[in-house]
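Below is one structure, written out as structure tokens; comments come after it.
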Amino acid sequence: MIRRNALKINEMMKYFWRDNPELYHNMLEARIERLWKEELGPMVAQYTTNVYVKNRVLYVSISSSVYRSELLSMRKRLVRELNKKAEADVIDDVMIR
């Protein structure tokens, strides 16, 4: 069987994400939620109860007041680092509750 117009997998993925931007955005949001626990380590993940993205804002619920106050002071750095690790501009702010 002769294959014509064969594409590499990365080219196919580019076309897929271009044709489905809402799926691409949802995938990036899921990546940010996963990166929260990976980047901040097991101690913060232990006290994190809820993480979700809504309207380009990452909402995080932290049960420890000590971690919450530390993370509140690092909000801008968290946004910058998480976007950098996600390799896209996904979030604009972090709300820590």
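Residues take their numbers from the sequence shown, with the count starting at 1. Computation of the quantities below employed the complete heavy-atom set of this structure, encompassing side-chain atoms and omitting hydrogens, waters and symmetry-equivalent molecules.
- The shortest heavy-atom contact between Met95 and Asp93 is SD-OD2, 4.0 Å.
- Residues Val57 and Val94 are members of separate hydrophobic clusters, defined by side-chain heavy-atom contacts under 4.5 angstrom among Ile, Leu, Val, Met, Phe, Trp and Tyr.
- Just one residue in the list Met13, Lys14, Lys8 forms a side-chain contact (heavy atoms from CB on, under 4.5 Å) with Glu11, and that residue is Lys8.
- Under the 4.5 Å side-chain contact rule for hydrophobic residues, Ile9 and Tyr15 share a cluster.
- Salt bridge Asp89/Arg56: present, at least one basic N to carboxylate O contact under 4.0 Å.
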Stepwise, does the side-chain contact (heavy atoms from CB on, under 4.5 Å) test hold for Leu78 with Leu71?
-> CA-CA 8 Å; Leu78 287 170; Leu71 292 171; 4.0 Å; yes
Ignoring hydrogens and angles, write down the donor-acceptor pairs under 3.5 Å from the side chains of residues 21-30, residues two or more places apart or on other chains.
from  : atom 1 : to    : atom 2 : distance (Å)
His25 : NE2    : Glu29 : OE2    : 2.8
Asn26 : ND2    : Glu22 : O      : 3.4

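- Atom NZ in Lys76 sits 8.5 Å away from atom CG in Asp92 (nearest 0.5 Å).
- Looking at every heavy atom in both residues, Val90 comes nearest to Asn83 through N-OD1, 3.0 Å.
- At a threshold of 4.5 Å between non-hydrogen side-chain atoms, the residues Leu58 and Leu82 count as touching.
- A distance of 12.0 Å separates CZ in Arg97 from CD1 in Ile62, rounded to the nearest 0.5 Å.
- The existence of a salt bridge linking Glu81 and Arg77 is excluded, since no basic side-chain nitrogen approaches an acidic carboxylate oxygen closer than 4.0 Å.
- Note on residues 76-97: no pairs pass ring-ring contact (aromatic ring centres under 6.0 Å, His included), not counting sequence neighbours.
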Would you be so kind as to tabulate the donor-acceptor pairs closer than 3.5 Å made by side chains of residues 39-55, with sequence neighbours excluded?
from  : atom 1 : to    : atom 2 : distance (Å)
Thr48 : OG1    : Trp36 : NE1    : 3.3
Thr48 : OG1    : Val44 : O      : 2.8
Thr49 : OG1    : Ser61 : O      : 3.3

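- Note: the hydrophobic cluster containing Tyr67 also contains Leu72 (ILVMFWY, side chain heavy atoms under 4.5 Å, direct or indirect links).
- Taken to the nearest 0.5 Å, the CZ atom of Arg31 stands 12.5 Å off from the NZ atom of Lys85.
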